[in-house]
Protein chains: 2
Amino acid sequence: MLSKKAQYAFRALTSLARNEGKGPLPISNIVKEHPMSVKFLETILLELRKSDILCSKKGKGGGYFLMSPPEKINLAQVIRILDGPIAPLKCVSLHFYERCDDCNEVSCGLNKLMAEVRDANLQVLEKRTLRDLI
Amino acid sequence: MLSKKAQYAFRALTSLARNEGKGPLPISNIVKEHPMSVKFLETILLELRKSDILCSKKGKGGGYFLMSPPEKINLAQVIRILDGPIAPLKCVSLHFYERCDDCNEVSCGLNKLMAEVRDANLQVLEKRTLRDLI
DNA sequence: GTTTAATCCCATAAAATATATAGGGTTATA
DNA sequence: TATAACCCTATATATTTTATGGGATTAAAC
């Protein structure tokens, strides 16, 4: 399940994608469209900025805007930043791999099946972008 | 990500599937194959029994065994029992549906995309069974 | 019928994670 | 200089996950 963080992020990103090319959009405006805690959203957008999904402009007239056009930002990227691995097990994760010390990856049947699940997810999540969201 | 509960469950189910037709397998034996907390596994197997995945026999010589042959038990069933929804959002879940009060399901773009993700998962998880695990 | 080996049941403790808030600092514009 | 914005870090709160404890019940073996 997507965390609230990821859900809020997608809502904010929807606003930001719609606002593309129109300059920075302040948090206060995003929250008008999508009611949620300003402070919580602040930490989320900060995370997205540090991960190069967003840019920001400080001071009066400032706000956030997308670093790339919406069709260049896929859902997998966003989910990984806020929720971590997309794979159902660390031992089959491409971006968050960790060895499984309780099972042997060569003989472990769950491994192989969960890699299939991972791929099925990535098929969708890496193909779909913020453009599909608006 | 799969919870530990689900992971332990799959390990235990692997043992139980291999033991098919050979009578009840006690927890103590499962734990010999897959080191984990006996008490924790106990609650997991109890849950699987109450959900009609397993049967049990009490008393000396007792233990657990599969209620159906391994090829009749798919991974989606098991995950739903222990971890709940497979869908990334309740509002697109088939078995745990809840209305999304923050967004309109007709116009919400995330909804549609997450339904795609759900289906991609189910493609794999409902096709694969305990037989594929052994 | 007593011992033993198993599941059953329920409560709760402990740890980890997710969610949210607080408060001040920094920057840019008017 | 006032204002409106983001920046940063810490911490509080709530929820969920993980694990444990202590018996009660059942059935086989002796």
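This is a predicted model, so every value here is computed, not measured. All values below were derived from every heavy atom in this structure, side-chain atoms included, with hydrogens, water molecules and symmetry-related copies excluded.
DNA chain C is contacted by both B:L25 and B:T43; B:L25 maps to the nucleotide lying nearer its 5′ end (nearest heavy atom per residue). Projected onto DNA chain C by closest heavy-atom contact, A:S3 and B:K50 fall at different nucleotides, the more 5' of which corresponds to B:K50.
Atom CD of B:Q123 is surrounded by 12 or fewer heavy atoms from other residues, nucleotides or ligands within 6.0 Å. Within 6.0 Å of atom NZ in B:K127, more than 12 heavy atoms from other residues, nucleotides or ligands are found, so the atom counts as buried in its surroundings.
Computed from coordinates, the A:L45 CG to C:dT19 P distance equals 16 Å when rounded to whole Å. Whole-Å rounding puts the B:L82 CG to D:dT16 P distance at 17 Å.
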Could you list, one pair per line, each protein nitrogen or oxygen that sits under 3.5 Å from a nitrogen or oxygen of nucleotides 27-30 of chain D, together with the distance?
unit_1 : atom_1 : unit_2 : atom_2 : d
D:dA28 : OP1    : B:K57  : NZ     : 3.4

Using the 3.5 Å cut-off, write out each protein N or O paired with an N or O of nucleotides 13-17 of chain C and the distance between them.
none

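Nearest to the side-chain atoms of A:F40 among the listed nucleotides D:dA5, C:dA20, D:dG23 stands C:dA20.
Side-chain N or O atoms of A:D119 include none that pairs as donor or acceptor with a backbone N or O of A:E116 at under 3.5 Å. Looking at A:R80, its side chain never comes within 3.5 Å of a backbone N or O of A:H95 through a donor-acceptor pair.
B:I27 comes within 4.0 angstrom of the backbone, heavy atoms only, and of no base. Note on B:K4: only backbone sugar-phosphate atoms sit closer than 4.0 angstrom, heavy atoms only; bases stay farther off.
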